[in-house]
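What follows is one structure encoded as structure tokens, with my remarks underneath.
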Amino acid sequence: MDVLRSAALFVVAALFEIGGAWLVWQGVREHRGWLWITGGVLALGAYGFVATFQPDAHFGRILAAYGGIFVAGSIAWGVVADGYRPDRWDITGALVCLAGMAVIMWAPRNG
């Protein structure tokens, strides 16, 4: 059950992290204004808050694993929100990142 809870938290955190970065990007780069930027900053803060609910208590492990989620999630977000067309190497890299995240988070450990 911890793996399912952890995976669900990764999905929620990824939405906040990537969505927050995208909102800031839209506010600054696309000149949508301070409301977008503020929403992005709040979402990024929410990402940090959600990360604290991971069952594993090791900050370094959690943040490293979120790195893999961020890579794969960012590509998916770009496809959905911005019409990005990943090539086979983008997809391969994202899958490698997800595999790395799974090893970091869920590999059996002694003690």
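In terms of heavy atoms, Leu23 sits closest to Gly39 at CD1-C, 3.8 Å. Across all their heavy atoms, Ile62 and Phe10 have their closest contact at O-CE2, 4.4 Å. In this structure, Ser6 and Trp106 approach most closely via the heavy-atom pair OG-NE1, 3.3 Å. Shortest non-hydrogen contact noted between Ile104 and Ala64 is CD1-CB, 4.1 Å. The heavy-atom pair separating Gly19 from Trp77 by the smallest distance is CA-CH2, 3.4 Å. In this structure, Ala65 and Met101 approach most closely via the heavy-atom pair O-CG, 3.2 Å.
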Less than 3.5 Å apart, which donor and acceptor atoms pair up between the side chains of residues 89-98 and the rest of the protein, not counting sequence neighbours?
{"residue": "Asp90", "atom": "OD2", "partner": "Tyr84", "partner atom": "OH", "Å": "2.6"}
{"residue": "Asp90", "atom": "OD2", "partner": "Asp87", "partner atom": "N", "Å": "3.0"}
{"residue": "Thr92", "atom": "OG1", "partner": "Arg88", "partner atom": "O", "Å": "2.7"}

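Here CG of Leu9 is found 10.0 Å from CG of Asp2. Values are rounded to the nearest 0.5 Å. In this structure, CD1 on Ile75 lies 14.0 Å from CZ on Arg85, to the nearest 0.5 angstrom.
Ring centers of Tyr47 and Tyr66: under 6.0 Å apart, within the cut-off.
In terms of modelled atom types and a separation under 3.5 Å, the side chain of Thr52 and the main chain of Phe49 share a donor-acceptor contact.
For the pair Phe53/Arg5, a side-chain contact is recorded, criterion being any heavy-atom separation below 4.5 Å from C-beta on.
Linking ILVMFWY residues whenever their side-chain heavy atoms come closer than 4.5 Å, directly or via other members, places Leu63 and Val50 in the same cluster.
Screening residues 9-25 for side-chain hydrogen bond (donor to acceptor under 3.5 Å, both in side chains), with sequence neighbours left out, gives Trp22-Asp82.
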Run the side-chain contact (heavy atoms from CB on, under 4.5 Å) check on Met105 and Gln54 step by step: do they pass?
CA-CA 10 Å; Met105 284 302 298; Gln54 279 290 344; 3.8 Å; yes
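Ala21 meets the side chain to side chain contact (heavy atoms under 4.5 Å, CB included) test with no other residue; sequence neighbours excluded. In terms of the side chain to side chain contact (heavy atoms under 4.5 Å, CB included) criterion, residue partners of Val28 (sequence neighbours excluded) are, by chain and number, Val24, Ile37. Applying the side-chain hydrogen bond (donor to acceptor under 3.5 Å, both in side chains) rule to Asp56 yields the partners His58, Arg61; only residues at least two apart in sequence or on another chain are considered. Residues satisfying the side chain to side chain contact (heavy atoms under 4.5 Å, CB included) test with Ala14, not counting sequence neighbours, are Ile18, Ile69.
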